[in-house]
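Numbered from 1 within each chain, the chains take letters A, B, ... in sequence-line order. In this text the structure is predicted, and so the values were computed from the model without any measurement. All values below were derived from every heavy atom in this structure, side-chain atoms included, with hydrogens, water molecules and symmetry-related copies excluded.
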2 protein chains.
Amino acid sequence: MNEVEERGANSNSAARSKPAAIQRVSIVSQLVDLLGDRIRDGDYQPNSKLPSGEALAQEFNVSRATVRAAINVLATHGVLRRMNGVGVFAAPNPGVSNSLNEPTDFYRLIQQNNHQPGVENINSMLFKPSPTVRQELGMGSADEAVMTWKVFTADGSPVIYCENTIAVSTLGETLARELKQTPTLNDSLFGFLEERCGLTTSHVLAEISVSRAEECDFPGFDYSDGTPVLVIKETGIDTNEKPIWHSVELYPNNSIRFGLLRRR
Amino acid sequence: MNEVEERGANSNSAARSKPAAIQRVSIVSQLVDLLGDRIRDGDYQPNSKLPSGEALAQEFNVSRATVRAAINVLATHGVLRRMNGVGVFAAPNPGVSNSLNEPTDFYRLIQQNNHQPGVENINSMLFKPSPTVRQELGMGSADEAVMTWKVFTADGSPVIYCENTIAVSTLGETLARELKQTPTLNDSLFGFLEERCGLTTSHVLAEISVSRAEECDFPGFDYSDGTPVLVIKETGIDTNEKPIWHSVELYPNNSIRFGLLRRR
DNA sequence: TAGTGGTCTAGACCACCAC
DNA sequence: TGGTGGTCTAGACCACTAC
């Protein structure tokens with residue numbers, strides 16, 4: 001019997017009988033979770049060799065190709081390392097943050113930088129975005145959007161200034177009104193869009209630049225002159241290749257450090 | 001007959017008889033090149049639909065899995081877009097730069113920013129690196145390294161200040177001496193290491209931060225106070241998971257813009 | 001030489017989308 | 001309903017590494 005969940009038509013019809021929590025989880029992603037757990041739990045010690053691909057395939061009763069796909073994911077995340085002809089090893093330092101490669105929750109980002117996360121100064125408004133943002137989101141010139149902005153703190157000090165813009169047409173009138181009145185709703189933007197709007201962000205197009213604090217336009221952003229600011233502008237793309245949100249994030253004074261894995 | 005090159009034992013023994021240019025090119029990467037060429041040449045117009053995976057598999061006489069792997073690569077590079085149940089399409093805007101995801105040659109990076117690239121002020125020295133760099137490169141406290149530093153220009157103006165450090169033990173005494181005397185050797189660091197040292201950089205661990213110009217230590221870096229600087233520190237990792245080079249790059253005053261594709 | 005990861009194949013079944 | 005991409009399998013052969 002598979003250690004991974006039954007799949008295909010079976011799990012699908014099972015999901016249909018329980019419409020509350022539809023989820024079709026691929027074998028690969030289940031395997032990723034299982035192997036990741038074993039590493040976190042110390043079943044596979046840092047630098048130790050994992051069972052061979054063939055052995056894992058037999059253990060989980062899946063094909064070797066599936067095992068390889070899962071190992072691929074974990075290797076890309078820096079959790080596993082593969083050596084040709086030798087084996088697959090648990091990475092020596094699994095705690096390395098890899099934040100820029102994937103869109104990360106701000107809370108987790110601050111925790112990864114070893115600080116206590118918090119949020120302050122949450123606001124929202126209904127407005128007509130700038131032409132630049134309108135174009136990014138494919139909006140007409142008369143269309144309105146909801147913008148929420150907030151400040152994330154680390155150990156009480158502000159470290160991330162963030163504004164999110166979502167078109168009213170994307171949210172729908174009801175949700176737009178709700179979000180405007182309760183901007184805390186999208187504390188996790190991804191979760192909010194998935195659970196409330198059925199919109200999945202498949203990837204994010206980002207642009208990284210630097211600026212001086214005095215050139216940054218953000219309420220309450222009162223750093224002294226000359227403070228350098230890392231600026232990340234992002235556009236979230238959904239599974240239909242349509243842009244669904246836009247955000248501007250300011251990281252002043254190097255308080256948050258970003259890691260990045262670059263592959264050829 | 002395959003449109004892609006013969007492979008496996010055949011191409012291998014062929015390569016052995018011509019040891020001058022050993023190269024074993026996978027079918028997938030050949031397919032990536034072929035499809036990429038067709039897009040660049042306009043055979044597949046922007047937004048147009050490509051032949052189905054099955055059709056491409058037949059055309060190139062390979063399996064559908066191989067076609068999918070190649071399409072994966074091109075989709076990750078933003079050249080193709082896949083829509084479930086519909087087809088694969090050439091991206092509408094193939095010119096989007098994606099520089100931060102993969103280590104990029106500085107020349108190409110400057111060209112991507114629509115400027116004429118150049119190099120100035122090339123120097124090199126033999127030295128004992130700082131403890132930080134020593135640790136990054138796994139060097140002993142007595143080991144020496146070759147550092148080369150240079151300034152890249154866009155339309156004649158300096159835009160990238162870069163220093164590369166490689167341990168003498170990595171290069172070997174002869175090459176280290178040669179590199180110290182002729183720092184232009186590593187104009188393309190990747191090419192130099194592969195062709196001269198047989199070292200392939202499989203991936204790069206980078207750290208992104210910001211700084212003020214006056215805090216940056218680089219010869220000839222004389223920006224006026226308050227200029228913000230994007231700092232990227234990189235460590236190149238070879239196929240044996242060993243760090244082989246370290247570099248520090250300064251991008252002052254937002255003259256180079258970085259794009260980034262973030263995936264969940 | 002044995003064991004490992006790397007690559008590729010042929011085929012199967014599924015979900016999704018347009019007609 | 002038919003065509004498409006998404007997933008998974010079983011098996012084959014290869015190159016690389018260590019013994």
Side-chain angles (χ1 to χ4, degrees), chain A residues 2 4-16 22-32 48-58 60-75 80-89 198 200 202 238-241, chain B residues 2-16 22-32 48-58 60-75 80-89 198 200 202 238-242:
Chain A
N2 278 7
V4 294
E5 184 184 298
E6 280 296 297
R7 63 187 175 285
N10 295 338
S11 74
N12 202 18
S13 53
R16 278 204 201 94
I22 49 163
Q23 50 179 359
R24 237 182 345 266
V25 183
S26 75
I27 298 184
V28 172
S29 68
Q30 292 178 60
L31 212 45
V32 167
S48 71
K49 186 170 169 301
L50 269 66
S52 73
E54 184 60 38
L56 288 172
Q58 285 180 16
F60 294 109
N61 195 21
V62 298
S63 75
R64 199 185 135 211
T66 305
V67 171
R68 278 187 54 74
I71 289 177
N72 255 326
V73 173
L74 292 167
L80 292 181
R81 301 194 163 171
R82 290 180 293 194
M83 295 184 68
N84 196 339
V86 185
V88 175
F89 298 80
T200 302
S202 78
D238 77 353
T239 44
N240 295 319
E241 295 290 344
Chain B
N2 278 7
E3 186 163 332
V4 294
E5 182 185 300
E6 281 296 300
R7 62 188 176 283
N10 295 338
S11 75
N12 202 17
S13 52
R16 279 203 201 95
I22 49 163
Q23 50 179 357
R24 238 182 345 266
V25 183
S26 75
I27 297 185
V28 171
S29 69
Q30 291 178 59
L31 212 44
V32 167
S48 70
K49 186 171 169 299
L50 269 64
S52 72
E54 185 59 37
L56 287 172
Q58 285 180 14
F60 294 109
N61 194 22
V62 298
S63 76
R64 198 185 136 212
T66 305
V67 170
R68 279 187 53 73
I71 289 176
N72 256 326
V73 172
L74 291 166
L80 293 181
R81 301 194 163 170
R82 291 179 292 194
M83 294 185 68
N84 196 338
V86 185
V88 176
F89 298 81
T200 303
S202 78
D238 77 354
T239 44
N240 295 319
E241 295 290 344
K242 284 184 186 146

| query | How close do Leu31(B) and Ala70(B) get, heavy atom to heavy atom, and via which atoms? | reply | CB-CB, 3.7 Å

| request: Identify, with sequence neighbours excluded, every residue that meets salt bridge (charged side-chain N to carboxylate O under 4.0 Å, His left out) alongside Arg68(A). | output: none

Nucleotide [N], atom [atom2] - distance to [atom1] of [X] in whole Å:
X	N	atom1	atom2	value
Ile27(B)	dA10(C)	CD1	P	10 Å
Arg82(A)	dT7(C)	CZ	C1'	12 Å
Gln58(A)	dC8(D)	CD	P	19 Å
Leu50(A)	dG5(C)	CG	P	9 Å
Asn61(B)	dT9(C)	CG	P	8 Å
Leu56(A)	dT9(D)	CG	P	13 Å
Arg68(A)	dG5(C)	CZ	C1'	6 Å
Leu80(B)	dG5(D)	CG	C1'	13 Å

Between the protein and nucleotides 2-4 of chain D, are there any N/O to N/O pairs under 3.5 Å, and if so, what are the atom names and distances?
unit_1: dG3(D); atom_1: N2; unit_2: Gly85(B); atom_2: O; d: 3.0

Starting at [atom1] of [X], measure out to [atom2] of [Y] and round the result to the nearest 0.5 Å.
X	Y	atom1	atom2	value
Thr66(B)	Leu56(B)	OG1	CG	12.0 Å
Glu54(A)	Ser63(A)	CD	OG	10.0 Å
Arg64(A)	Ser52(A)	CZ	OG	8.5 Å

| Picking from dC8(C), dG6(D), dC8(D), which would you name as closest to the side chain of Ser63(A)? | dC8(D)

| query | Of all residues at least two apart in sequence or in a different chain, which pass the side chain to side chain donor-acceptor pair (under 3.5 Å) check with Ser29(B)? | reply | Ser26(B)

| Residues in side chain to side chain donor-acceptor pair (under 3.5 Å) with Arg82(B), at least two apart? | Asn72(B)

| request: Give a yes or no on whether Lys242(B) atom NZ has more than 12 heavy-atom contacts from other residues, nucleotides or ligands under 6.0 Å away. | output: no

| query | Does Arg64(B) make a side-chain N or O approach to OP1 or OP2 of dA10(C) shorter than 4.0 Å? | reply |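 It does not, given that no N or O in the side chain of Arg64(B) lies less than 4.0 Å from OP1 or OP2 of dA10(C).
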
| request: Name all residues meeting the side chain to side chain contact (heavy atoms under 4.5 Å, CB included) criterion together with Thr200(A); count only those two or more places apart in sequence or in a different chain, and write none if there are none. | output: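 Result, side chain to side chain contact (heavy atoms under 4.5 Å, CB included) vs Thr200(A): Glu194(A), Thr239(A), Arg264(B).
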
| task | Dot-bracket notation for DNA chain C is requested: 5' to 3', Watson-Crick or G-U wobble pairs only, both distances under 3.5 Å, with ( ), [ ], | and . as defined. | result | ||||||||||||||||||.

